[in-house]
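The structure appears below as structure tokens.
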Amino acid sequence: MSSACSLLHLAEEDDRVFSMGDYEAALARWCPGCGDHSVLTAVQRLLTEEQLKPEDTVFVSGIGCSSRFPHYMKTYGFHGIHGRALPVSTGIKLHRPDLEVFAVMGDGDCVSIGAGHWIHAIRYNIDMMAMLLDNNIYGLTKMQTSPTTPQGTKSNTQPQGSWLPSMNPLEATLGVTNASFVAQTAEWIPSHLFATLKEAYKHKGFSFVRVLQRCPAYLPKLFEDAITDPETIELLVHPDGVEANDLEGIYKARVYHDPTDIDAARRYAEDQSKVRIGVFFRDESRPRYEETRHLPTLTADEKLAVLEEEFDRYAV
Ligand code: SF4
């Protein structure tokens, strides 16, 4: 292609307008009624609204039902290994900061085997978005207790009921030094889900969204109260969070929460008497690793010379 042709080609590309269909890949194979379907639709809607170029967008996952996500997005994707969505995402974003990076994890994936990566990704605060699709169970391996499984829940690994109190991912995230965006939403409230993902996407830094997600196959009653009785849900509302004005007629329990107040955010996260959704915390002034690390600017030849010098040190 001549340079004139390639310039013309680029100009044409910049005129593209993407519809939701442009982000849809294979037909999702999750169970009927699985909450993953709602998240997929909300994410495809977000990409459409933001007009993200598919070739500049990457979805990274680990292992689990929700980790099939990259297969269903017509973008770049990496369906990796258990608990490793975040280190892979980190590597991609550090080497290609121009890409939009999304990590999709389940509770068994992020909060258990991937917990070390989760904690450090929060602290590194690299500009990407992480979604924890939390259905409180290992679904892919057919109903094993996960760290977020409610205490007493009978599963295939703990048939007499899980022994320990469940872990609270919001509390844990808010407790990590340098956390910069923490939110919770529910996949069965599509407008709130979309608005929360949008705020997370806009945030400059590591945005962590816990999505409460139904698994009708293995824990069909898990969120039954929250779904059938709107009074069990409390919305955190704020102009810098999710206002949810469209939900006023349904969800009346609301609290005005300034997301810069981390102490209040921690109190709301810790108190489990209500299911709280909204932006708990955001602070764009927190340092981001990609900006604060000091990388020497070397040419390829200079890098080679440094390497040779290092090798020479070990010559025998
Ligand atoms: Fe969804 Fe549960 Fe089915 Fe997995 S097992 S696809 S989480 S409903």
Side-chain angles (χ1 to χ4, degrees), residues 23-46 59-75 77-86 102-115 118 129-159 161-162 166-170 183-190 192-194 196-197 208-228 275 277:
Y23 301 107
E24 290 169 7
L27 191 66
R29 282 170 44 198
W30 294 306
C31 305
C34 175
D36 288 340
H37 293 287
S38 322
V39 184
L40 180 67
T41 303
V43 167
Q44 288 170 341
R45 198 180 144 204
L46 175 71
F59 281 81
V60 182
S61 66
I63 294 292
C65 291
S66 57
S67 290
R68 292 194 58 77
F69 212 95
H71 296 273
Y72 307 139
M73 295 298 302
K74 205 186 275 179
T75 61
F78 188 95
H79 185 179
I81 54 173
H82 208 198
R84 308 297 185 254
L86 289 171
F102 297 83
V104 185
M105 303 167 287
D107 40 299
D109 198 32
C110 170
V111 185
S112 185
I113 190 171
W118 171 41
M129 182 165 150
M131 289 174 276
L132 166 61
L133 275 55
D134 192 350
N135 57 16
N136 294 192
I137 199 81
Y138 284 88
L140 190 71
T141 47
K142 311 211 180 301
M143 205 181 181
Q144 298 173 320
T145 299
S146 94
T148 60
T149 302
Q151 191 173 24
T153 304
K154 292 182 178 166
S155 71
N156 288 333
T157 43
Q158 295 185 335
S162 56
S166 59
M167 189 164 173
N168 181 334
L170 292 179
Q184 176 162 275
T185 183
E187 52 76 16
W188 62 88
I189 311 176
H192 194 274
L193 170 66
F194 176 72
T196 308
L197 296 183
F208 177 82
V209 183
R210 182 192 190 199
V211 183
L212 303 175
Q213 187 227 309
R214 289 167 293 178
C215 171
Y218 295 119
L219 286 183
K221 296 199 177 303
L222 178 66
F223 294 117
E224 199 171 58
D225 289 348
I227 293 166
T228 55
V275 177
I277 56 174

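Any value given below was found using the heavy atoms of this structure, including those in side chains, with hydrogens, waters and symmetry copies removed. Read the numbers this way: they start at 1 and go in the same order the structure lists the ligands and their atoms. This one's a predicted model, so the numbers in the text were calculated from it and none came from an experiment.
- Heavy-atom minimum distance, Gly62 versus His79: O-CD2, 3.0 Å.
- Scanning the protein for heavy atoms near atom 6 (S) of ligand 1, the closest one is Cys31 N, 3.5 Å.
- The Tyr218 neighbourhood of ligand 1 comprises atoms 5 (S), with distances under 4.0 Å to a heavy atom of that residue.
- Close approach to Asn135 involves these atoms of ligand 1, each under 4.0 Å from a residue heavy atom: 7 (S).
- Applying the 4.0 Å criterion to heavy atoms of Trp30 picks out, from ligand 1, the atoms 6 (S).
- Shown here for Leu193 and Ala186, the closest heavy-atom pair between the two residues is CB-O, 3.9 Å.
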Self-check item: Test log, rule side chain to side chain contact (heavy atoms under 4.5 Å, CB included), inputs Arg68 and Asp36
Solution: CA-CA 10 Å; Arg68 292 194 58 77; Asp36 288 340; over 6 Å; no
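- Near Cys65, with a cut-off below 4.0 Å to any heavy atom, the atoms of ligand 1 are 4 (Fe), 5 (S), 6 (S), 7 (S).
- In summary, the side chains of Gln144 and Thr157 do not present any donor paired with an acceptor at a separation below 3.5 Å, with no hydrogens or angles considered.
- At a cut-off of 2.8 Å, Cys215 is not counted among the residues with an N, O or S atom near atom 1 (Fe) of ligand 1.
- For ligand 1, the atoms lying closer than 4.0 Å to a non-hydrogen atom of Cys34 are 1 (Fe), 6 (S), 7 (S), 8 (S).
- Atoms of ligand 1 lying under 4.0 Å from at least one heavy atom of Pro216, given by number and element, are 8 (S).
- Among all heavy-atom pairs drawn from Cys110 and Phe208, the shortest one is SG-CE1, 4.5 Å.
- Among all heavy-atom pairs drawn from Phe59 and Met131, the shortest one is CE2-CE, 4.4 Å.
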